[in-house]
Each structure stands twice: as C-alpha cells, then as structure tokens.
Amino acid sequence: MRDLLDRALGAYLGMAIGDALGATVEFMRPREIAQAYGVHRDIIGGGWLKLSRGQVTDDTTMSLALGGALLQGGSPALAALAHGDDTLVRHIGQAYVQWFKARPVDCGNTCRRGILRFMVEGTLEGPLNPGDGGNGALMRNLPAVLATLGHDALFEQLSLAQARLTHHHPLSDAATLGLGQLLRLLLGGLDHAGCQAWVSQWVADNPSFRLTPYRGRATAYVVDTVQTVLHYLTLHDDFEAALVATVNQGDDADTTGALVGMLAGARCGAARLPSRWLKRLQPDVKRAVTDQTCGLLALTGRTP
Ligand code: MN
Ligand code: MN
C-alpha cells in the first residue's frame, strides 16, 4: 500500500516537475535550447509564457481540474458511470469550463474549442475530427487512472469520456488508453525492463506510433508526443536522465516533460524524485497534487 502511494505520488509530482521544467523551453528547437542553456536542467520559469520559477501550466492545472471533479463526485458518481449514467462526465466538463473561465496561463486550441462547444451545446463530445489529433486529452488523464485502479473497463470508459470532451480522434483515444495502461502497470511495480517490453508490444499493436528509428519530433501532434515520451522513457531508467533528455528535445516540451515525468515518476516513486526539483514546485501545487493523489486512491478502496 505504501508502495502504491509512493508511486502514485511520484507520478503526479513527477508530472508537475516535468511541466514546470519543460515550459521554459516550450516551442524552442533543440539547437536554440543548446545555445541558450547548454543543457536545460533547472526549473527557472520564463519561457514564452513568462512563468515564475516553479510555475506549472495547463498540463498540470487541467489534470487538477479533472481530479477535482472526480473527487467531488466520489465513488457513487464512478459507480453510476459504470452503469451508463453520464452525470460525472458532465461534471468533468463543468470543471473544464471553470478552469477555462479562471484564465489559465495557457490553453491549447483544441481544448478551447471543445470547452466552448460543451458550454454552448452541452454535448459530451464533438463529431470525429481529423483536427483533434493533439495531445491535450492525453496530457491530463492521470487522475482518471488513479480513480479507477483495479477496474479495467471503468478505466477505459472514464479515460475516453474525459478525453472526448475536447478531442475526438482515434489516435488521441489510442494514446490516452495506451499511456494510461502503461501508467497503471508502472503503479503496480513494472520495472524498466518490463516497461521496455510493454512498449515494444504496444507499438507493434499500434503501428501509427512506431518509434524506431526515433524521428526527433516532439510537437503537440499526439503521435510525435507519444514517440518522444516512449523513446526517452525506455532509453533511460533514471528519472532525471529521462526528463532532461526529453525537455531538451524542445517543441511541446512542457507536455512531453509532464508525461515522461508522470511515467518515470511512477517507476521510481516520489521518494526518489530529485529534491532540487521538488523544492522548486509552488507549495500550493504540491499540496493540491498530494491531496488529490491520496483522495483518488481512496476512491478505489485503496485508502492510503
Ligand atoms: Mn502546457
Ligand atoms: Mn505544451
């Protein structure tokens, strides 16, 4: 039990760390990063969003919005969802609306479009859209994984429902379920070798995401994002090595950083996250992430 809490906390804090670290170099090319920083390895804020040191972006704050809605609904709302009641999904949509109205530091175009559609039409998903292949649904799915541990069907149902509020695209769906499944396995104790084996098999089953040879693209297109995340996650067992290599690839570095931080953080556990990074996170974010981790695990009956 303590192991699970340590790994879950490692995932959520690791995600916030990756977001804060990567945001400094978001939309930069690897060569520009090298010129400006040598190797970018410190949480210093700045970047195109002009962040304060340790500030996180939409990747973390949308996850917190999702986690908040799941905690508010609690186990009864999850049980109702399992029986086909979509009240919880509606509440998640409202949480995204509240998040949007609070003027977040950043909001992706597809997320904005989806949230506005939900506000105007009240629909829980838009039609299948070739333009919805961004990583915005994938990046915020961690709370759905924690809230459904041990419940395979509910994990898939909740992940797809929260994702489709803003993104309706088969590759977004596949990536959200795939990385969600990998996170579940890492929370259960999957090690580096197991992680490598799982990734090879998943990529064989989902050839759109094939990552050898690695093409070095790290854009917000969900295929580029997933390739970068899985490439560096399987290349480096060490949390810091994996995350530094990822964000120095630039482009959507806060999101690739958040996802590698999440997966590598689950693999190593919170106790082994680099303390110099942990110290830099804003205290209110650290507190919210810690509270949500405990609360979401408790929803599955795995009370920390
Ligand atoms: Mn972001
Ligand atoms: Mn981003």
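As the structure lists them, so they are numbered: ligands from 1, and atoms in each ligand from 1. For clarity, every value in this text was computed on a predicted model and none was experimentally measured. Numbers here are sequence positions counted from 1.
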Student: Any link between Leu51 and Met62 through a network of hydrophobic side chains (Ile, Leu, Val, Met, Phe, Trp, Tyr) touching at under 4.5 Å?
Tutor: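 No, because Leu51 and Met62 fall into different hydrophobic clusters, even though each may have its own neighbours under 4.5 Å.
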
Student: Relative to the ring of Tyr37, is the ring of His40 parallel (under 30°), tilted (30 to 60°) or perpendicular (over 60°)?
Tutor: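 Rings of His40 and Tyr37: tilted, as their planes differ by 30° to 60°.
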
Student: Is atom CZ of Arg276 surrounded by more than 12 heavy atoms (other residues, nucleotides or ligands) closer than 6.0 Å?
Tutor: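 Check passes, neighbour count above 12.
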
Student: Evaluate side-chain contact (heavy atoms from CB on, under 4.5 Å) for Leu64 paired with Val289, printing each intermediate quantity in order.
Tutor: CA-CA 7 Å; Leu64 288 169; Val289 160; 4.2 Å; yes

Student: Give the ring-plane orientation class for Tyr214 versus His231, where under 30° counts as parallel, over 60° as perpendicular and anything between as tilted.
Tutor: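 Ring orientation, 0 to 90° scale: parallel.
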
Student: Short of 2.8 Å from the Mn ion (ligand 1), name each protein N/O/S atom, waters not counted.
Tutor: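 Within the sphere that stays under 2.8 Å of the Mn ion (ligand 1), the protein atoms of type N, O or S are Thr57 OG1, Asp58 OD1, Asp59 OD1, Asp254 OD2.
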
Student: When you look at CD of Gln72, are more than 12 heavy atoms from neighbouring residues, nucleotides or ligands closer to it than 6.0 Å?
Tutor: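 Not more than 12 within 6.0 Å, no.
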
